[in-house]
Amino acid sequence: MGLTMKERKSVVSEIAKRYKKASKKQKGIILDELIALTGYNRSYASFLLSSHEKIVRMNNRVLKVDLTMKTKKKKSKYYDDDVKKALIKVWDVLDCPCGKRLKPVLPEIIYKLKEFKEIQIERDVEEKLFKISASTIDRILSEYKRMNKPKGKTYTKPGSLLKSQIPIKLFGIDSDNGAEFINHQLHRYCVENNITFTRSRKYRKNDNCYVEQKNYSVVRKYVGYFRYDREVELITLKRLYESLRLYINFFSAYNETNLKRKNWK
């Protein structure tokens, strides 16, 4: 006849005292001894001996307490909602740069925004923004970026009949397949002035990669998708581009260039 539950507990209690002080080799022998006496499987017997000290008495009842399962205290975020709100404000003002470009200018832009009363932040929030890393900036803004990501739309349509008259090559005037280039006016102008007019391959964006990469980030973003073909609109566009080229080439890309130079050194 096997041991009762009470007897098994007593056996485990006694053997556990020797098990704690034993060497690794001796623990194996003791474990075999317990299995022979109680009939427990090896993994359960090992668990009982190793966790025996985690049993405490409370209100005259024996309860198992796993000391490894500690209650995790919810830590307060160092970069809290106030920091996130201020960071999003600065990020929007600077035209949504990445963390590596935003980090170096945070102190200066915060000072300027406070000077012109465009932003009101507490001193502790300001100090946290001065310490924040580029990777943390990207991590905090990631959710906001996903929520406000623009949907891909295009309003340009290729001229299906005219396209067949324009060869696919890579010299001369070489355009993509949008209606802003594939139109009768430009085609007629090129024919009359003996200008070679070619177009890029369909679905091959890399044919005009250096132009395409700025198509949305610069042109569409600041000008939009409308067609501007009047003289007054041309003058307005020229005035816009005179200021925009300085901003894009010298201010927007300035920090990124400096970071690359630091890495080279």
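Both backbone and side-chain heavy atoms feed into the values below; hydrogens, waters and symmetry mates do not.
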Using the side chain to side chain contact (heavy atoms under 4.5 Å, CB included) criterion, which residues pair with Lys84? Sequence neighbours excluded. Ile88, Ile140, Glu143
Counterpart residues, side chain to side chain contact (heavy atoms under 4.5 Å, CB included), relative to Glu242 (two or more places apart): Arg245
If you round to the nearest 0.5 Å, how far is [atom2] of [Y] from [atom1] of [X]?
X: Leu237; Y: Arg230; atom1: CG; atom2: CZ; value: 11.5 Å
X: Leu186; Y: Ser175; atom1: CG; atom2: OG; value: 7.0 Å
X: Leu106; Y: Glu108; atom1: CG; atom2: CD; value: 10.5 Å
X: Leu48; Y: Thr38; atom1: CG; atom2: OG1; value: 8.0 Å
X: Lys77; Y: Asp80; atom1: NZ; atom2: CG; value: 9.5 Å
X: Leu49; Y: Lys20; atom1: CG; atom2: NZ; value: 13.5 Å

Once you measure the plane-to-plane angle for His187 and Phe197, does it fall in the parallel (<30°), tilted (30-60°) or perpendicular (>60°) bin? tilted
Considering non-hydrogen atoms only, spot the tightest contact between Asn177 and Ser200 and give its length.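 Smallest heavy-atom distance, with atoms named: ND2-O, 3.2 Å.
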So, [X] side chain and [Y] main chain: donor-acceptor pair closer than 3.5 Å or not?
X: Trp91; Y: Leu141; answer: no
X: Ser142; Y: Arg139; answer: yes
X: Glu7; Y: Thr4; answer: yes
X: Ser46; Y: Arg42; answer: no
X: Ser50; Y: Phe47; answer: yes

Could you check whether any side-chain heavy atom of [X] comes within less than 4.5 Å of a side-chain heavy atom of [Y], counting everything from C-beta outward?
X: Ile30; Y: Ile15; answer: yes
X: Thr196; Y: Cys190; answer: no
X: Ile137; Y: Tyr79; answer: no

Evaluate side chain to side chain contact (heavy atoms under 4.5 Å, CB included) for Ile110 paired with Leu129, printing each intermediate quantity in order. CA-CA 9 Å; Ile110 289 174; Leu129 288 174; 3.6 Å; yes
Does [X] belong to the same Ile/Leu/Val/Met/Phe/Trp/Tyr cluster as [Y], with side-chain heavy atoms less than 4.5 Å apart forming each link?
X: Phe130; Y: Leu94; value: yes
X: Phe226; Y: Tyr222; value: yes
X: Phe250; Y: Tyr241; value: yes
X: Ile195; Y: Val191; value: no
X: Tyr78; Y: Ile132; value: yes

Can you tell me if [atom1] on [X] sees more than 12 non-hydrogen neighbours from other groups inside 6.0 Å?
X: Lys89; atom1: NZ; answer: no
X: Glu115; atom1: CD; answer: yes
X: Asn193; atom1: CG; answer: yes
X: Lys221; atom1: NZ; answer: yes

In sequence, state the C-alpha distance, the side-chain angles, and the governing distance for His184 and Tyr189, and then conclude on side chain to side chain contact (heavy atoms under 4.5 Å, CB included). CA-CA 8 Å; His184 292 282; Tyr189 176 82; over 6 Å; no
Go through the steps for Val12 and Tyr40 under the test side chain to side chain contact (heavy atoms under 4.5 Å, CB included), then give the verdict. CA-CA 11 Å; Val12 171; Tyr40 293 145; 4.3 Å; yes
Looking only at side-chain N and O atoms, does Thr136 offer a donor or acceptor that is under 3.5 Å from a partner on Ser133?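 Yes, because at least one side-chain N or O of Ser133 sits under 3.5 Å from a partner of the opposite role on Thr136.
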For salt bridge (charged side-chain N to carboxylate O under 4.0 Å, His left out), just list the numbers for Asp138 and Lys100, CA-CA rounded to whole Å, side-chain angles, deciding distance to a tenth of an Å, and then say yes or no. CA-CA 9 Å; Asp138 288 329; Lys100 288 184 178 179; over 6 Å; no
Would you call Arg18-Glu33 a salt bridge at under 4.0 Å N-O?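 Salt bridge flag = yes for Glu33 with Arg18.
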Between Asp82 and Lys128, does any side-chain N to carboxylate O distance fall below 4.0 Å?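 The answer is no: the pair does not qualify as a salt bridge.
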Where do Lys238 and Leu234 land on the side chain to side chain contact (heavy atoms under 4.5 Å, CB included) test, with the steps shown first? CA-CA 6 Å; Lys238 284 183 176 180; Leu234 176 61; 4.1 Å; yes
Side-chain polar contacts of residues 118-125 - donor-acceptor pairs under 3.5 angstrom, sequence neighbours left out - could you list them?
from: Arg123; atom 1: NE; to: Glu127; atom 2: OE2; distance (Å): 3.4
from: Arg123; atom 1: NH1; to: Glu126; atom 2: OE2; distance (Å): 3.1

